[in-house]
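Read through the structure below, which is laid out as structure tokens, and then see the notes.
Atoms considered below: every heavy atom in the structure, side chains included; atoms not considered: hydrogens, waters and symmetry mates. On a predicted model such as this, the values are computed, not experimentally measured, just so you know. Numbering starts at 1 and runs along the sequence shown.
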Amino acid sequence: MSDSPAPLADPHLVFDPVDGSRDVVILGSTGSIGTQAIDLVLRNPDRFRVTGLSAAGGRVELLAEQAHRLRVKAVAVAREDAVPALREALSARYGPGEPLPEVLAGADAATHLAASAGHTVLNGITGSIGLAPTLAALEAGRTLALANKESLIVGGPLVRALAAPGQIIPVDSEHAALFQALASGTRADVRKLVVTASGGPFRGRTKAELADVAPEDALAHPTWAMGPVITVNSATLVNKGLEVIEAHLLYDIPFDRIEVVVHPQSYVHSMVEFTDGSTVAQATPPDMRGPIAIGLGWPQRVPDAAPAFDWSKASSWEFFPLDNDAFPSVGLARHVGELAGTAPAVFNAANEECVDAFLNGALPFNGIMETVTEVVAEHGTPRTGTSLTVADVLEAETWARARARELTARAAARTPAQKTAQTTAKTTAEARA
């Protein structure tokens, strides 16, 4: 990966080398990525010092506990109505005479924190609301440990315009794996990126067999413990579609050279195939603390960041081709990635609305991608010849969410009538038999 121009993420480049402890801001500190990052930091106090934390505001007791243990300078919450409870929780944690951290609140609180003094910003926020903090961190000259894939997917050109070579370190397990594997050669030597997928809870099922699966079935992921939206995205493989777009944007590899392969054990997190026929795989037991350590510590590794394999025990590693008929999300993601502009934002926003409808029983499982496909088709080809702006992204997302809700409501309204018609038809058929 030595040729110019440099891709967004390049393991051969270090944006801001530093010896000793690194000042870190953690966005989304009470979520899965944030809590695991804090665990890593607390086990490595000589390597990292957390200066700021942000969260949505729903878990103020945990946020106050984190702030006290880490002795941070500032705490941010998106929900302004959470401030009184947060201040009370902080006061209960801190002793007499101990200075309380500064409290920031509101929709822009995480964005302000992302631009504060420090070395690294870990963006562990879920969803496209992470875009503004991503841009703020890059503009402020911080190294960005990026776990918020949505900000790159919906705002790719905006991120590309601000990011300096080596400034972004990917934290998604698949992209951290590609990042490490790419260190084995130059960009000119890369033939293909191979992104692995667990296959989710429905691996091996046909499209017809997925028609009646329930939300609780989709939430039963065989490998990872994640939030409901991410878990359903793993069941539909939308997460892999998003990761294909992310890989294209991070490493500047064409879509036709990015492949998805199903690997149920989730040991191999992704692979790079080189032009000489060699394939370099990055493998660890499933644990996000390894990728987080890469994001916070690169180019140094953090000893014992995550468990290693026990090679004294037998294990089997399997790989299967992706069933594009049962899981059309990856193909649709490639399509919107090639369209670029606001198309990825439309895809992501419509999917979030459809997942919510599925979890609430208003949309069947297969209806998620059917509805997203319809919204993407209605959006059409984004305008060319103009620069993408944050306002463009927000406008496209607002339209996509509204249109997805309209289509979902229409589908929900049809469902009872369809069921009645099906029951009547079945009864008539049985009577005739």
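The aromatic rings of F319 and H263 sit parallel, their planes meeting at an angle under 30°, below the 60° perpendicular limit.
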Verdict with reasoning, S128 to E397, per side chain to side chain donor-acceptor pair (under 3.5 Å): CA-CA 9 Å; S128 58; E397 286 191 332; 2.7 Å; yes
From CA spacing to verdict: side-chain contact (heavy atoms from CB on, under 4.5 Å), V238, M369: CA-CA 9 Å; V238 161; M369 286 316 302; 3.5 Å; yes
From CA spacing to verdict: side chain to side chain donor-acceptor pair (under 3.5 Å), N123, T134: CA-CA 7 Å; N123 189 348; T134 284; 2.9 Å; yes
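Under the 3.5 Å distance criterion, the side-chain polar atoms of S151 are matched with a main-chain donor or acceptor of N148. Checked by atom type and distance alone, the side chain of N233 never pairs as donor or acceptor with a backbone atom of I230 at under 3.5 Å. Remark: side-chain polar atoms of E102 are not paired, donor with acceptor, to backbone N or O of K73 under 3.5 angstrom. Under a 3.5 Å cut-off, the side chain of K240 and the backbone N or O of T196 do form a donor-acceptor pair. R334 places a side-chain N or O within donor-acceptor distance of the main-chain N or O of F255, the cut-off being under 3.5 Å. A donor-acceptor distance shorter than 3.5 angstrom exists from the side chain of Q36 to the backbone of S32, with no hydrogens or angles considered.
Once rounded to the nearest 0.5 Å, the distance linking CG of D10 with CD1 of I168 reads 12.0 Å. If you take CG on L13 and CG on L8, they are separated by 11.5 Å, rounding to the nearest 0.5 Å. Remark: L40 CG to R289 CZ distance equals 8.0 Å, nearest 0.5 Å.
A donor atom on one side chain and an acceptor atom on the other are not found under 3.5 Å apart for S270 and H175. One side chain, D189 or T186, offers a donor N or O that lies under 3.5 Å from an acceptor on the other. Q180 and R301 share a donor-acceptor pair across their side chains, judged by distance under 3.5 Å alone.
A235 and F327 get closest at one heavy-atom pair: O-CE2, 3.3 Å.
Of the candidates L146, L250, L144, I294, L250 is the only one forming a side chain to side chain contact (heavy atoms under 4.5 Å, CB included) with P170.
Electrostatic pairing of E98 and R93 does not count as a salt bridge here, judged by no charged N lying under 4.0 Å from a carboxylate O.
Within 6.0 Å of CG on D325 lie more than 12 heavy atoms contributed by other residues, nucleotides or ligands.
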